Asker: 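Quick one: the structure is below, questions incoming.
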Amino acid sequence: MAKAPRNGPYICGIDAALDVVSGKWKGLILWELDAHGVRRFSELRRGLVGVSEKMLTQHLREMEEDGLVHREVYAEVPPRVEYTLTEHGRTLNQALQPLGVWGSERTRLEAVDAAGASHV
């Protein structure tokens with residue numbers, strides 16, 4: 001697994017983990033690849049509404065350096081490139097699932113609070 005430059009030393013494990021998943025799109029890239037298995041760049045771009053080509057490229061490169069994503073280039077004309085999660089990426093995605101549940105519950109509670117406030 002390639003080692004990307006990181007900002008350590010870290011205070012705790014959460015600090016180290018957030019350094020790897022920092023950025024708006026990395027969690028969504030993990031989710032997209034987990035949900036669909038294999039994705040080409042254009043498929044990822046369509047699935048992540050609002051991401052720029054530059055940002056998607058940057059995040060995919062960082063995630064590849066961190067050993068989260070595997071990039072397969074096929075010697076075809078035009079070249080075909082596919083992205084998949086590595087086992088390390090799958091374990092990170094599994095670790096993030098409780099955080100996703102927490103976020104969904106928070107979103108639900110905020111919606112309930114907003115609905116209650118509008119009736120006052």
Side-chain angles (χ1 to χ4, degrees):
M1 173 177 10
K3 299 285 183 194
R6 291 284 157 217
N7 298 324
Y10 301 109
I11 296 168
C12 65
I14 291 175
D15 189 19
L18 290 177
D19 193 21
V20 174
V21 294
S22 63
K24 175 180 180 178
W25 301 104
K26 287 184 181 178
L28 296 173
I29 292 168
L30 285 169
W31 176 82
E32 184 77 12
L33 290 175
D34 187 59
H36 298 285
V38 178
R39 295 305 252 176
R40 294 176 76 171
F41 185 88
S42 60
E43 293 171 322
L44 281 169
R45 182 120 190 259
R46 278 193 301 272
L48 303 171
V49 177
V51 69
S52 69
E53 186 172 324
K54 178 184 174 187
M55 190 57 61
L56 181 56
T57 299
Q58 178 183 328
H59 282 325
L60 286 168
R61 284 182 183 155
E62 291 173 4
M63 293 172 79
E64 185 179 9
E65 288 174 10
D66 286 331
L68 303 174
V69 170
H70 174 72
R71 180 178 185 260
E72 184 75 31
V73 180
Y74 295 90
E76 301 173 351
V77 178
R80 177 171 49 114
V81 179
E82 294 179 341
Y83 295 91
T84 56
L85 286 180
T86 63
E87 184 58 34
H88 193 54
R90 280 190 282 283
T91 62
L92 176 58
N93 206 38
Q94 291 168 356
L96 290 173
Q97 286 177 351
L99 186 61
V101 170
W102 183 89
S104 295
E105 179 63 12
R106 178 175 167 83
T107 302
R108 187 189 68 76
L109 289 173
E110 286 178 354
V112 168
D113 287 347
S118 65
H119 292 91
V120 175

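Quick caveat: nothing in here was measured; it's all calculated off a predicted structure.
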Asker: Please, which pairs that meet salt bridge (Lys or Arg N to Asp or Glu O under 4.0 Å) have at least one residue in residues 85-105, sequence neighbours excluded?
Answerer: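 Residue pairs passing salt bridge (Lys or Arg N to Asp or Glu O under 4.0 Å), neighbours aside: E87-R90, E105-R108.
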Asker: Give the minimum heavy-atom separation between A95 and P98, together with the two atoms involved.
Answerer: O-CD, 3.3 Å
Asker: Is it possible for you to say whether V38 and Y74 belong to one hydrophobic cluster, with membership spreading through side-chain heavy-atom contacts below 4.5 Å?
Answerer: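 Unlinked, V38 and Y74 end up in two clusters.
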Asker: Could you go through the side chain to side chain contact (heavy atoms under 4.5 Å, CB included) check for L44 and L60 one step at a time?
Answerer: CA-CA 10 Å; L44 281 169; L60 286 168; 4.0 Å; yes
Asker: Output a table of donor-acceptor pairs, distance under 3.5 Å, between side-chain atoms of residues 50-57 and any protein atom two or more places apart or on a different chain; print 'none' if there are none.
Answerer:
unit_1, atom_1, unit_2, atom_2, d
S52, OG, M55, N, 3.0
T57, OG1, E53, O, 2.9

Asker: Report yes if some heavy atom in the side chain of E32 is under 4.5 Å from a heavy atom in the side chain of R39; otherwise report no.
Answerer: yes
Asker: Quick check on the hydrophobic clustering: are V49 and W25 connected, directly or via other members, by side-chain heavy-atom contacts under 4.5 Å?
Answerer: no
Asker: Can you hop from I14 to V21 via hydrophobic side chains spaced under 4.5 Å?
Answerer: yes
Asker: Got a salt bridge between R106 and E110, using NZ or NE/NH1/NH2 to carboxylate O under 4.0 Å?
Answerer: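 Counted as a salt bridge, because a side-chain N and a carboxylate O are separated by less than 4.0 Å.
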Asker: For H70 and T86, which heavy atoms make the closest approach, and how far apart are they?
Answerer: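 Nearest pair, atom of H70 first, then T86: N-CG2, 3.8 Å.
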Asker: Starting at OG1 of T107, measure out to CH2 of W102 and round the result to the nearest 0.5 Å.
Answerer: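 Between T107 OG1 and W102 CH2, I get 8.5 Å after rounding to 0.5 Å.
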Asker: Quick one: pull up NZ in K26 and CG in D66 and give me the separation to the nearest 0.5 Å.
Answerer: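 Rounded to the nearest 0.5 Å, the NZ-CG separation comes out at 6.0 Å.
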Asker: I'd like to check the side-chain contact (heavy atoms from CB on, under 4.5 Å) partners of V73; sequence neighbours left out, ordered by chain and number.
Answerer: R71, V81
Asker: Can you give me the closest heavy-atom contact between L33 and Y83, atom names plus distance?
Answerer: CD2-O, 3.4 Å
Asker: Work out which heavy atom in W31 is nearest to a heavy atom in N93; give both atom names and the distance.
Answerer: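 Shortest heavy-atom separation between W31 and N93 comes out as N-OD1, 4.0 Å.
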Asker: What's the spacing between L68 CG and H59 NE2 if we round to 0.5 Å?
Answerer: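 It is 12.5 Å, given to the nearest 0.5 Å.
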Asker: Should we say atom CZ of R80 is surrounded by more than 12 heavy atoms from elsewhere, each under 6.0 Å from it?
Answerer: yes
Asker: Counting C-beta onward and ignoring hydrogens, is there a side-chain heavy-atom pair between C12 and D15 closer than 4.5 Å?
Answerer: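 The answer is yes; the side chains approach within 4.5 Å.
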